[in-house]
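This structure is a prediction, so every number in the text was calculated from the model and none was measured.
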Amino acid sequence: MAREKQPEAAAEAEGTPERSYREQLDYLNPIAQPLASRKLTRKLYKCIRKGRAGAWQGGTGPSRGGAAPSRCASLAAAKHKQIRRGVKEVQKFINKGEKGITVLAGDTLPIDVYCHIPIMCEDRSLPYAYVPSKSDLGAAAGSKRPTCVIMIKPHEEYQETYDECLEEVGALPLPL
């Protein structure tokens, strides 16, 4: 049985190759401005990975060890969480006045789902940028599911990377 599953998984992985940055640009929304460059996109993903490292390990399914270990893990994650993931959570914390870089996925449809987030960021002078892929954004956050918006909070563990991203995102031209 296990031998049968491995070739299927390999064929499945070969059937869905990763798209390059240029190929992902073909699937962008009309509102995906300012779009991060390839280099900035990589830096943002790196910053997101560092923000979740040790804080949030993703996955919402039941754990093998029962309910208690997952509860402990979620309590630890809540204390040290440096990224906010998803429209509802990001919107809630923008309204509360939390500071950080907002990263939006440019290939999210329908755009009505999150088109109010850039306006909220502009009203509160928060930097934001679009990246081409929601699946890559979700993967950087440590999730198997695609994510259309993430807020990266500053933290001393990755302050240098965060500051570089903040400077570059702030330098991007805002849409008209």
Side-chain angles (χ1 to χ4, degrees), residues 17-58 77 80-176:
E18 285 191 29
R19 294 181 303 207
S20 71
Y21 183 83
R22 288 200 184 268
E23 291 170 340
Q24 290 174 349
L25 296 180
D26 296 337
Y27 299 98
L28 288 180
N29 292 330
I31 66 164
Q33 294 294 327
L35 182 66
S37 65
R38 180 182 304 174
K39 185 177 177 183
L40 179 56
T41 299
R42 287 187 190 140
K43 282 184 183 180
L44 288 168
Y45 290 157
K46 182 179 179 182
C47 197
I48 291 167
R49 281 192 296 273
K50 287 184 178 184
R52 73 161 172 94
W56 183 74
Q57 295 301 318
H80 305 292
K81 195 171 187 183
Q82 298 305 316
I83 60 169
R84 305 291 182 195
R85 185 177 153 266
V87 175
K88 287 175 74 174
E89 189 175 358
V90 169
Q91 181 177 340
K92 179 172 74 173
F93 285 100
I94 288 174
N95 284 332
K96 285 185 175 183
E98 196 166 274
K99 299 293 182 190
I101 302 170
T102 305
V103 182
L104 299 111
D107 62 348
T108 302
L109 288 173
I111 59 175
D112 301 344
V113 171
Y114 74 143
C115 64
H116 60 286
I117 300 286
I119 298 165
M120 294 173 67
C121 290
E122 288 176 14
D123 289 344
R124 290 163 180 80
S125 300
L126 293 175
Y128 69 95
Y130 286 86
V131 293
S133 173
K134 63 184 173 183
S135 55
D136 290 347
L137 190 60
S143 173
K144 294 177 184 176
R145 308 253 325 148
T147 301
C148 61
V149 62
I150 285 182
M151 177 186 271
I152 310 167
K153 292 170 38 179
H155 195 265
E156 64 268 0
E157 288 181 15
Y158 55 90
Q159 191 66 42
E160 185 177 320
T161 309
Y162 178 85
D163 289 339
E164 286 177 22
C165 291
L166 183 64
E167 183 180 321
E168 290 186 40
V169 169
L172 292 173
L174 289 178
L176 298 174

Which side-chain N or O atoms in residues 121-129 pair as donor and acceptor under 3.5 Å with protein atoms at least two apart or in another chain?
unit_1, atom_1, unit_2, atom_2, d
Glu122, OE2, Tyr128, OH, 2.5
Arg124, NE, Ile94, O, 3.3
Arg124, NH1, Met120, O, 3.3
Arg124, NH2, Asn95, OD1, 3.2

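- Side-chain contact check for Asp136 versus Val131: every heavy-atom pair is 4.5 Å or farther apart.
- Between Leu35 atom CG and Leu28 atom CG the span is 5.5 Å, to the nearest 0.5 Å.
- Counting non-hydrogen atoms of other residues, nucleotides and ligands closer than 6.0 Å to NZ of Lys46 gives a total of 12 or fewer.
- Tyr21 places no side-chain N or O within donor-acceptor distance of the main-chain N or O of Pro132, the cut-off being under 3.5 Å.
- With rounding to the nearest 0.5 angstrom, the CG atom of Leu25 is 8.0 Å from the OG atom of Ser20.
- The side-chain contact (heavy atoms from CB on, under 4.5 Å) check on Gln159 picks up Pro154, Tyr162, Asp163, with sequence neighbours excluded.
- For the pair Asn29 (side chain) and Thr108 (backbone), a donor-acceptor distance under 3.5 Å is present.
- Side chains of Tyr130 and Val103 form no contact here, defined as non-hydrogen atoms less than 4.5 Å apart.
- At least one side-chain heavy atom of Leu137 sits less than 4.5 Å from a side-chain heavy atom of Ile48.
- Here Lys96 pairs with Lys92, Phe93 under the side-chain contact (heavy atoms from CB on, under 4.5 Å) rule; sequence neighbours left out.
- Distance alone, capped at 3.5 Å, places no donor-acceptor pair between the Ser143 side chain and the Ala139 backbone.
- The closest donor-acceptor contact from the side chain of Arg52 to the backbone of Ala140 lies under 3.5 Å.
- Not one N or O on the side chain of Glu89 forms a donor-acceptor pair closer than 3.5 Å with the backbone of Gly86.
- Looking at Ser133 and Arg19, their side chains never bring a donor and an acceptor atom within 3.5 Å of each other.
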